[in-house]
Chemist: 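Sharing a structure, written as structure tokens. Questions coming.
All ligand and atom numbering here is 1-based and tracks the order in the structure. Keep in mind that what you see is a predicted model, and the values were worked out from it rather than measured.
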Amino acid sequence: MTALLELTDIRRSYPSGDGEVEVLKGVSLSIEAGEMVAIVGASGSGKSTLMNILGCLDKPTSGVYRVAGTDVRTLDGDALARLRREHFGFIFQRYHLLSHLSAAQNVEVPAVYAGAERKARLARAHDLLRRLGLAERGDYQPSQLSGGQQQRVSIARALMNGGQVILADEPTGALDSRSGEEVMAILHQLRDQGHTVIIVTHDPQIAAQAERIIEIRDGELISNPPPSAVRASAPKEISTAPASGWRQFSNGFREALTMAWLAMAANKMRTLLTMLGIIIGIASVVSIVVVGDAAKQLVLADIRAIGTNTIDIYPGKDFGDDDPQYQQALKYDDLLSLQKQPWVSSATPTVSQSLRLRYGNIDVAASASGVSGQYFNVYGMTFSEGVTFNDEQLNGRAQVVVLDSNSKRQLFPDKKQVVGEVILVGNMPATVIGVADEKQSMFGSSKTLRVWLPYTTMSGRIMGQSWLNSITVRVKEGYESAVAEEQLTRLLTLRHGKKDFFTWNMDGVLKTAEKTTRTLQMFLTLVAVISLLVGGIGVMNIMLVSVTERTREIGIRMAVGARASDVLQQFLIEAVLVCLVGGALGVGLSLMIAFTLQLFLPNWEIGFSPLALMTAFLCSSLTGVLFGWLPARSAARLDPVEALSRE
Ligand code: ADP
Ligand code: MG
């Protein structure tokens with residue numbers, strides 16, 4: 001029968017200065033199942049080094065180590081982790097408990113990595129603690145326990161997955177003699193139950209309790225008695241069967257999530273500071289998406305209010321063309337035929353002229369336009385007083401006038417109500433029937449005073465002309481203004497026999513404005529992305545520091561059986577969790593910003609689109625993965641022995 005543990009000519013050397021120093025100088029040793037072995041030697045003789053090799057935490061420089069006949073050199077990192085997790089149980093001089101977990105949670109850790117079910121795990125942890133006399137202490141933090149109690153917790157942890165081979169490195173070294181005796185009594189019990197127990201000690205009294213004492217001096221065995229009669233009892237079965245497939249994965253993920261959460265909660269200030277960058281980053285991304293969108297809508301709505309579905313028709317070849325042959329191109333008949341087109345919602349002419357307005361001894365210059373009753377509707381203007389012209393007034397060339405609010409102020413500085421007053425427009429007396437307000441647009445309005453009369457009155461009574469200065473067509477909802485413009489051009493060209501007019505509409509302006517706001521939004525997004533990047537780098541920085549700070553924790557996790565991938569997963573999840581929580585807080589912050597803005601800018605339509613929230617979610621998880629990767633990888637690559645020895 002092969003020995004349980006078998007070392008053949010094991011050497012371990014460390015680089016030191018220029019050369020190497022050999023700490024183990026050809027150790028050959030075999031340990032049978034069920035033995036209780038003490039390894040004694042002076043401090044610095046290589047006991048811990050030997051123990052780490054026995055526990056597969058460290059690899060020999062040369063020599064062969066077989067565990068139950070298997071050469072450990074043939075095993076990869078995951079297989080070694082599994083060996084540590086399922087067959088070995090470590091007990092350290094300084095307990096090596098995870099300080100942010102309770103006693104029971106510490107005991108659970110090896111089973112978590114073994115993929116055991118939560119319920120079974122908890123039950124077993126409490127059972128072990130009870131058996132070790134810590135029934136009441138399950139919820140205590142390590143710092144609330146005495147040294148002896150902590151060591152008993154670490155024994156419970158060693159037994160969690162079975163602990164076929166207990167490796168105790170100076171288990172009583174940090175304890176008073178009474179607690180030390182208790183621990184030794186427990187180790188004896190374990191031996192009696194069939195565990196193989198290996199104790200490293202420099203205390204001859206402790207060593208004397210073992211059946212077999214192996215002595216080491218300067219890396220060489222100076223006494224290695226053969227195994228004594230081995231107990232018949234077979235090693236216990238491993239208690240936790242790993243769950244399989246997807247269950248195992250989702251289980252593992254949930255555990256990693258819990259562990260990450262606990263680690264974050266244990267260090268709130270650091271976590272919060274880490275998040276700060278992400279909070280600001282996400283808040284700026286979301287605010288820019290949301291506020292930028294609102295600003296864009298505002299600009300576009302402003303332009304639409306002026307009318308993108310209106311087409312202006314002017315005589316001549318283009319703006320600035322005052323060739324007299326074209327001046328009379330637009331006729332009333334054109335207006336009438338346009339009004340009959342199915343794609344025309346309304347068509348209104350303008351005939352305009354500058355003339356003087358007089359009331360009492362007030363005399364001001366104004367621009368008077370002859371329009372139809374639909375004019376105000378076409379341009380989205382509102383009446384603060386009175387109404388527009390009716391058909392009767394239009395047909396009868398009525399002497400009525402609509403003022404804009406500036407002319408009202410000029411002519412009637414003291415009057416509130418002016419409907420019914422009679423003013424002189426040029427030399428024609430006209431009754432005021434309304435005051436219309438021009439739609440306030442971002443592009444400002446002209447400084448000239450404006451008044452409107454029925455176009456029949458304007459051309460018939462004031463100007464004595466039969467042609468129109470321009471026609472404005474409002475395209476019906478559902479018709480493309482470009483198509484309408486084309487048809488309109490064709491119609492008028494046909495009527496006139498030549499193209500002696502030109503058209504103009506706001507569509508172009510709208511497109512330009514759209515392009516401008518898009519450019520602006522892209523620029524702002526760039527700024528937001530940069531701040532997110534800075535936040536991400538902050539996360540990476542603090543996670544890297546955290547890895548260094550938690551090296552010992554990582555060492556402990558690896559000693560109890562965590563795979564490198566488990567460590568990688570944990571740190572990655574921590575980073576993503578930090579970023580996601582930070583992202584959520586960032587969204588909250590941007591909500592506050594948006595609502596504050598809304599208070600000051602009531603006509604901005606600020607709304608949270610699902611897009612903004614999706615962006616935030618995506619950005620924060622991506623930042624987490626991206627910037628958590630490097631620290632997580634460096635944590636996973638740590639050497640367990642080195643990590644453990646770090647304080
Ligand atoms: P013991 O546990 O018997 O006190 P160790 O096995 O811890 O002794 O150490 C044995 C020798 O190996 C010591 O001289 C120590 O300085 C050296 N040693 C241990 N670990 C390292 C290391 N990582 N690098 C260099 N030297 C080491
Ligand atoms: Mg030691």
Chemist: Report the nearest protein non-hydrogen atom to atom 12 (O) of ligand 1: residue, atom name, distance rounded to 0.1 Å.
Modeler: V23 CG2, 3.1 Å
Chemist: Can we say D218 and K25 salt-bridge, meaning some charged N sits less than 4.0 Å from an Asp/Glu carboxylate O?
Modeler: no
Chemist: Find the distance between CG (L626) and CG (L572) and round it off to the nearest 0.5 Å.
Modeler: 10.5 Å
Chemist: Any idea which protein heavy atom is nearest atom 1 (P) of ligand 1, and the distance to it?
Modeler: G44 N, 3.5 Å
Chemist: Considering non-hydrogen atoms of the protein only, which is the closest contact for atom 18 (N) of ligand 1, and what is the distance?
Modeler: Y14 CE1, 3.5 Å
Chemist: Which ligand 1 atoms, with their elements, are less than 4.0 angstrom from a heavy-atom of S43?
Modeler: 4 (O)
Chemist: Go through the steps for D176 and S179 under the test side-chain hydrogen bond (donor to acceptor under 3.5 Å, both in side chains), then give the verdict.
Modeler: CA-CA 6 Å; D176 58 86; S179 306; 3.0 Å; yes
Chemist: Is there a donor-acceptor pair closer than 3.5 Å between any side-chain N or O of T271 and the backbone N or O of N267?
Modeler: yes
Chemist: Thinking salt bridges, do D127 and R124 make one under a 4.0 Å N-O criterion?
Modeler: no
Chemist: Just to be sure I'm reading this right: ignoring hydrogens, which of N52, T49, D58 gets closest to atom 5 (P) of ligand 1? Compare them by their nearest heavy atoms.
Modeler: T49
Chemist: Hey, is atom 21 (C) of ligand 1 touched by any protein heavy atom at less than 4.0 Å?
Modeler: yes
Chemist: Is there an N/O/S atom in S48 that lies less than 2.8 Å from the Mg ion (ligand 2)?
Modeler: yes
Chemist: So which heavy atom in the protein is nearest atom 7 (O) of ligand 1, and how far is it from that ligand atom?
Modeler: S48 CB, 3.6 Å
Chemist: Going by an N to O cut-off under 4.0 Å, is there a salt bridge joining E35 and R191?
Modeler: no
Chemist: Distance alone, cut at 3.5 Å: any donor-acceptor contact between the side chains of Q570 and E574?
Modeler: yes
Chemist: Does ligand 1 have any atom sitting under 4.0 Å from a heavy atom of G41?
Modeler: no
